[in-house]
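Reading through the structure tokens given below for one structure.
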Protein chains: 2
Amino acid sequence: MDKVDAKILSALQDDARMTVAELSERVALTSSPCWRRVKALEETGVIRGYHAELDPRRLGYDVTAFVNVMLENHRADLGDSFEIAVQGIPQVVACHNVSGRYDFMLEVVAPDLEAFGEFARNVLRTLPGVKEIYSSFSLKSIKRTRSIPIPPA
Amino acid sequence: MDKVDAKILSALQDDARMTVAELSERVALTSSPCWRRVKALEETGVIRGYHAELDPRRLGYDVTAFVNVMLENHRADLGDSFEIAVQGIPQVVACHNVSGRYDFMLEVVAPDLEAFGEFARNVLRTLPGVKEIYSSFSLKSIKRTRSIPIPPA
DNA sequence: GGTGAAAGCGAGGACCA
DNA sequence: TGGTCCTCGCTTTCACC
């Protein structure tokens, strides 16, 4: 991980479809070593994958909600089955086990508020061990780049 | 937006570097129409871009925090300057204006808890109009696919 | 909307410094 | 490590259905 790698990561984080030719120009290297660096970054797991970013609205998802979930108790198996269940629900686009008052925070997409309400009632509330949920809605997306700042060294 | 487009979106959301050749095979089309569809999806904004997904840990970010921010009042200009300020801070990887007790929810990465503490004190707390912040930390990432479910139609 | 062909370029490997 | 060269296959754009 040197400065060249950092530049490569920035560039690919910004545009995953950039060709190695263009990338190598940008980092002042010829294409072979540049290509090898990219492969190394993929193999060592620094680059986890490449994904298209889609516009939820254009796909009919007008609602993004953050759902805080509290479990009934903290037995490990309860948390585990909750986690496994959550992974299988496509509307849940992200989920973290968090510190604080609640145990989990989920990011959920839904076509509209009504659909979200139904989803919360029929799906989320019925997940194993759920005691309480508190939802808050995204009124406006200020920043949605999941871009990680690349350390200069 | 038909079934073929849906398949294309799923595939690219999963692997943005998939070649058009491979894609066209998967959706049972020849490469030209497949390519045209991809271009159309890009131009109409359904596909917003392509990004490499990086591993925060391998870049030295061991802490992901969700920071809830309450502003002093709800004057529009206060919210605006907060939003603009937030957009310029690379450690803030996502930010939403949300409903509920707090006004904004930020997702922040930091090398460790100490660095996060400093960041919260020196940067977040000093942003325009900030009255209160409440942070909760990701203890475990259960699901981090930002993948949106593709509607079947 | 779809096909097939053609030109040009990039990916990826072999090999050298 | 980085650079050069080479080849195959893909991308991209035709003209046409």
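In the text below, chain A, chain B and the rest are named by the order of the sequence lines, each starting its count at 1. Note: hydrogens, waters and symmetry copies are ignored here, and every other heavy atom, side chains too, is used.
What you find for A/Pro151 and A/Ala6 is that their closest heavy atoms are O-CB, 4.0 Å.
Taking the side chain as every heavy atom from C-beta outward, A/Pro149 and B/Tyr61 approach each other to under 4.5 Å.
Across D/dT4, C/dA5, C/dG10, the shortest atom-to-atom separation from the side chain of A/Thr30 is found for D/dT4. Nearest nucleotide to the B/Arg37 side chain, out of D/dG2, C/dG1, C/dA11: C/dG1. The side chain of B/Ala21 lies closest to D/dC10 when the candidates are C/dG10, C/dG12, D/dC10.
Taking the six-membered ring for Trp and the full ring otherwise, B/Phe137 and A/His96 have centroids separated by 6.0 Å or more. Outside the 6.0 Å centre-distance limit, the rings of B/Tyr50 and A/Tyr50 are not counted as a close aromatic pair.
Taking atom CG on A/Leu41 and atom P on D/dT1, their separation rounds to 11 Å, with Å as the unit. Between B/Lys39 atom NZ and D/dC14 atom P the separation is 14 Å, expressed in whole Å. Across the protein-nucleic acid pair, B/Asp2 atom CG and C/dG2 atom C1' stand 13 Å apart, rounded to whole Å. Separating the CZ atom of A/Arg36 from the P atom of D/dT4 is a distance of 12 Å, rounded to the nearest angstrom. Straight-line distance from the CD atom of B/Glu25 to the C1' atom of D/dC10: 13 Å, rounded to whole Å. Summarising the geometry, the separation between CD on B/Glu42 and C1' on D/dT12 is reported as 13 Å, rounded to the nearest angstrom. Atom CD of A/Glu22 and atom C1' of D/dT11 are 15 Å apart (whole Å). Protein atom CG of B/Leu29 is 11 Å distant from nucleotide atom P of C/dG4, rounded to whole Å.
A salt bridge between A/Glu42 and A/Lys39 is present, with a side-chain N of the basic residue lying under 4.0 Å from a carboxylate O of the acidic one. B/Arg144 has a carboxylate O that lies under 4.0 Å from a charged side-chain N of B/Glu53, or vice versa, which qualifies the two as a salt bridge.
Take the nearest nucleotide of DNA chain C for B/Ser31 and for B/Val4: the residue whose nucleotide is more 5' is B/Val4. A residue-by-residue look at A/Ala28 and B/Met18 shows that A/Ala28 has its nearest nucleotide of DNA chain D further toward the 5' end.
Within 3.5 Å, a donor on the side chain of A/Ser32 pairs with an acceptor on the base of C/dG13, or the reverse. Side-chain atoms of B/Thr19 stay outside donor-acceptor range of the base of D/dT11, with no qualifying N/O pair under 3.5 Å.
Using a 4.0 Å heavy-atom cutoff across all strands shown, B/Arg17 reaches no nucleic acid atom at all.
For the side-chain contact (heavy atoms from CB on, under 4.5 Å) with A/Ile8, the qualifying choice from A/Gln13, A/Arg37, A/Met18, A/Lys3 is A/Arg37, the only one to do so.
When the local axes at the two ends of the helix from C/dG1-D/dC17 to C/dA17-D/dT1 are compared, using 5 base pairs at each end, they differ in direction by 30° after rounding to 10°.
Within the 4.0 Å cut-off from OP1 or OP2 of D/dT12, at least one side-chain nitrogen or oxygen of B/Trp35 is found.
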